[in-house]
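Since the model is a prediction, treat every value here as computed from it, not as a measurement. Atoms considered below: every heavy atom in the structure, side chains included; atoms not considered: hydrogens, waters and symmetry mates.
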Amino acid sequence: MRAVGFGSVLLLSAAAAAIAHTGVENPAVLARMENMKAMADQMEILVPMVRGETDFDAGRVTAALEALQRHAAEAPALFRAPEGDPQSEALPEIWENFADFEARSIELSRIAQAASAVEIEGPQALLPLVREIGGSCSSCHEDYRAEQ
């Protein structure tokens, strides 16, 4: 997967998420959606740095990775109950295979935590991390999120 392609998909997903949050009535579903949006927001910081569209800022990279780690770790608790809402993009497969969903969230959290613990010296060093994080996000979305 190329980082550029992932960045384009990410930005479209974030825009769709902002629209999808309109009219959500179930507070539990809204909390899940906000958590996912918060992770996408962190990628919106990282991807433009990798692409050279914004200046590389090691402090912002670390903060974004730490936020990703925190939000990924929070995800299983937010999804534990199979709450529904017409605006929800969560597929029933989450609850049918919750152990896998939880393991993927924990793995994303681990990836972000490990990345935030090392000194990243520039966009080229950030690229493989963004690819790994993006791949983790995408694989989970493929199995557990309704197509938009």
Side-chain angles (χ1 to χ4, degrees), residues 1-51 53-54 57-118 120 123 126-148:
M1 173 186 305
R2 295 179 341 161
V4 173
F6 174 73
S8 299
V9 169
L10 177 70
L11 295 176
L12 289 173
S13 294
I19 293 168
H21 293 187
T22 304
V24 175
E25 295 181 14
N26 185 322
V29 172
L30 183 59
R32 294 188 323 222
M33 294 172 100
E34 291 296 330
N35 179 271
M36 293 293 150
K37 169 112 176 46
M39 285 192 267
D41 289 347
Q42 302 318 305
M43 293 302 286
E44 288 178 28
I45 293 168
L46 300 174
V47 170
M49 285 187 208
V50 168
R51 296 166 100 188
E53 297 169 354
T54 60
D57 180 331
R60 288 187 73 208
V61 167
T62 299
L65 291 169
E66 289 172 351
L68 269 169
Q69 182 272 324
R70 186 174 57 255
H71 291 297
E74 293 168 352
L78 294 171
F79 281 87
R80 195 159 312 280
E83 300 277 347
D85 188 281
Q87 299 296 324
S88 177
E89 298 168 343
L91 293 174
E93 285 84 349
I94 290 172
W95 298 281
E96 292 168 7
N97 196 4
F98 193 78
D100 180 64
F101 175 82
E102 185 173 38
R104 290 184 193 201
S105 295
I106 291 167
E107 178 64 10
L108 175 58
S109 179
R110 185 204 59 75
I111 292 167
Q113 183 178 30
S116 68
V118 299
I120 300 168
L126 181 59
L127 177 60
L129 300 171
V130 167
R131 283 186 175 157
E132 185 177 14
I133 291 167
S136 178
C137 293
S138 293
S139 74
C140 197
H141 287 180
E142 287 171 11
D143 292 339
Y144 297 119
R145 188 177 87 182
E147 290 188 35
Q148 305 183 5

Subject >> F79 and W95 aromatic ring geometry - parallel, tilted or perpendicular at 30°/60° bounds >> reply: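 Rings of W95 and F79: tilted, as their planes differ by 30° to 60°.
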Subject >> Distance-minimising heavy-atom pair for D57 and G59 >> reply: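 Closest heavy-atom pair between D57 and G59: OD1-N, 2.9 Å.
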**OP:** Check M49 against P123 and note the closest heavy-atom contact, atom names and distance.
**Re:**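 Looks like O-CB, 3.5 Å.
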Subject >> salt_bridge(R110, E107) N-O dist < 4.0 Å >> reply: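 Salt bridge present between R110 and E107.
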**OP:** Tell me, please, which residues at least two apart from N26 pass side-chain contact (heavy atoms from CB on, under 4.5 Å).
**Re:**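 Partners of N26 under the side-chain contact (heavy atoms from CB on, under 4.5 Å) test: A28, V29, E83, D85.
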Original post:
Would you call N97 and D143 a side-chain contact if the rule is heavy atoms closer than 4.5 Å?
Top reply: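 A side-chain contact is absent here, since even the closest heavy-atom pair is not under 4.5 Å.
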Original post:
Side chains of R80 and P76: closer than 4.5 Å at any heavy-atom pair?
Top reply: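 The answer is yes, as the side chains (C-beta and beyond) meet within the 4.5 Å cut-off.
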From [X] atom [atom1] to [Y] atom [atom2], the distance as rounded to the nearest 0.5 Å:
X: S136; Y: R131; atom1: OG; atom2: CZ; value: 16.0 Å
X: E132; Y: L108; atom1: CD; atom2: CG; value: 9.5 Å
X: Q69; Y: I133; atom1: CD; atom2: CD1; value: 11.0 Å
X: S109; Y: H71; atom1: OG; atom2: NE2; value: 11.0 Å
X: C140; Y: M36; atom1: SG; atom2: CE; value: 7.0 Å
X: T54; Y: I45; atom1: OG1; atom2: CD1; value: 9.0 Å

Original post:
Taking the side chain from S88 and the backbone from G84, do they hold a donor-acceptor pair closer than 3.5 Å?
Top reply: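 No.
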Original post:
Got a donor-acceptor contact below 3.5 angstrom from the S116 side chain to the Q113 backbone?
Top reply: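 Judged by distance alone, yes, a pair lies under 3.5 Å.
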Subject >> Non-neighbouring partners of R60 that pass side chain to side chain donor-acceptor pair (under 3.5 Å), sequence neighbours left out >> reply: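 For R60, no residue satisfies side chain to side chain donor-acceptor pair (under 3.5 Å) once neighbours in sequence are set aside.
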**OP:** Quickly, which of L46, I111, D41 forms a side-chain contact (heavy atoms from CB on, under 4.5 Å) with L68? Name it, please.
**Re:**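 Result: among L46, I111, D41, L46 is the only option passing the side-chain contact (heavy atoms from CB on, under 4.5 Å) with L68.
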